[in-house]
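To start, the structure itself, in C-alpha cells.
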Amino acid sequence: MTGLYLVLFLVYFVPTVAGTWKVFAKADEPGWAAIVPFYNITVQLRIIRRSKWWMLAYALPVIFAPLFVVAIAIGVLFGLDLAKSFGRSAAFGVGVGLLPFIFLPILGFGGDEYLGPRGAYATPVEPSAAW
C-alpha cells in the first residue's frame, strides 16, 4: 500500500505543487505558498481576484462528502479563471480544473505571462481607441 501512495505522490502531487509554485511566482506571489494548505487557496483567489468567501466553497465538500461534485465544479471554475489570467483558452481552463497535475506544470513552466486577474489586463485600451 505504501508503494501506491508513493506513486500517487510522484505522479499527482509533485507536478501539481511544482506547477502551482511556478504559476504563483509568475503572478508575483510567493511560490512557497503552493505547499501551505489553505493558504495556497487564498493566494490563488488573490491571483484570480475572487472573494475570500470562495474559501467556504472549498470547505463545504470537505465537511459534506456528497458535495464532491461541487468541489469538481469549483475546481473547473477556478481553472477557467486561472487560464484567463494567463491568456489561455477555456478548454485549457477545464484541463487545469480536472487534470491539474498535467496543466499546471504546462502553465507554470511554459512561456505564458500573467495578464492580471481573469485576464483583466490582457487587452489594454489605448486612450484614442476608447472614443
Side-chain angles (χ1 to χ4, degrees):
M1 198 65 158
T2 304
L4 176 64
Y5 290 127
L6 180 63
V7 169
L8 284 174
F9 179 76
L10 293 175
V11 171
Y12 182 80
F13 292 108
V14 171
T16 301
V17 169
T20 304
W21 189 301
K22 293 294 285 183
V23 167
F24 285 3
K26 283 184 176 184
D28 292 328
E29 295 289 344
W32 56 263
I35 60 174
V36 180
F38 297 105
Y39 181 61
N40 59 2
I41 298 168
T42 303
V43 172
Q44 182 181 1
L45 290 171
R46 193 167 42 234
I47 289 172
I48 63 175
R49 195 173 285 154
R50 289 234 179 233
S51 167
K52 289 186 182 179
W53 283 100
W54 282 91
M55 282 289 288
L56 182 62
Y58 264 110
L60 282 176
V62 173
I63 297 168
F64 304 108
L67 294 177
F68 181 70
V69 175
V70 173
I72 293 172
I74 291 168
V76 169
L77 180 65
F78 286 4
L80 289 168
D81 287 347
L82 194 61
K84 283 184 200 175
S85 298
F86 285 88
R88 289 293 193 132
S89 69
F92 191 88
V94 171
V96 170
L98 296 177
L99 301 169
F101 63 98
I102 295 172
F103 287 89
L104 281 173
I106 291 171
L107 193 60
F109 291 100
D112 302 301
E113 292 183 27
Y114 180 62
L115 304 174
R118 292 180 255 161
Y121 311 113
T123 53
V125 177
E126 298 280 334
S128 61
W131 297 98

Open item on the list: Quick check for you: to the nearest 0.5 Å, what is the distance between Ile47 atom CD1 and Thr42 atom OG1?
Closed with: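 The CD1 atom of Ile47 sits 11.0 Å away from the OG1 atom of Thr42.
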- [ ] First locate atom CG of Leu77, then atom CD1 of Ile72, and finally report the distance between them rounded to the nearest 0.5 Å.
- [x]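 Going from CG on Leu77 over to CD1 on Ile72, the span is 13.5 Å.
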Task: Co-membership, hydrophobic cluster, residues Val11 and Leu8, 4.5 Å side-chain - done: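 No, Val11 does not connect to Leu8 through the hydrophobic network.
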Residue pair [X] / [Y], side-chain heavy-atom distance below 4.5 Å:
| X | Y | result |
| --- | --- | --- |
| Trp21 | Pro105 | no |
| Arg88 | Ile106 | yes |
| Tyr114 | Ser85 | yes |
| Phe86 | Glu113 | no |

Task: Nearest non-hydrogen partners of Val23 and Leu82, listed with the distance - done: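 Answer, listing the atom of Val23 first, then Leu82: CG1-CD1, 4.2 Å.
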Open item on the list: Quick check: closest heavy atoms across Ala33 and Val43, and the distance to 0.1 Å?
Closed with: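 It is CB-CG2, 3.7 Å.
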- [ ] Mind checking side chain to side chain donor-acceptor pair (under 3.5 Å) for Asn40 and listing every partner two or more places apart, or none if nothing turns up?
- [x]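 Partners of Asn40 under the side chain to side chain donor-acceptor pair (under 3.5 Å) test: none.
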Task: Test of ring centre spacing under 6.0 Å for Trp54 and Phe78 - done: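 So the answer is yes for these two rings.
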- [ ] State whether the number of non-hydrogen atoms from other residues, nucleotides or ligands found under 6.0 Å of Phe109 atom CZ is greater than 12.
- [x]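 Result for CZ/Phe109: enclosed.
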- [ ] Can you label the angle between the Phe103 ring and the Phe92 ring as parallel, tilted or perpendicular, going by 30° and 60°?
- [x]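 Rings of Phe103 and Phe92: perpendicular, over 60°.
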TODO: Examine distances only and state if a side-chain atom of Lys84 and a backbone atom of Pro117 form a donor-acceptor pair shorter than 3.5 Å.
DONE: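 Judged by distance alone, no pair lies under 3.5 Å.
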TODO: Look at the side chain of Tyr12 and the backbone N and O of Val7, then say whether any donor-acceptor pair between them is shorter than 3.5 Å.
DONE: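 No; zero donor-acceptor contacts below 3.5 Å.
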- [ ] Answer yes or no: is there an ion pair linking Lys26 with Asp112, defined by an N-O contact shorter than 4.0 Å?
- [x]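 Here Lys26 does not pair with Asp112 in a salt bridge, since their nearest N and O are not under 4.0 Å apart.
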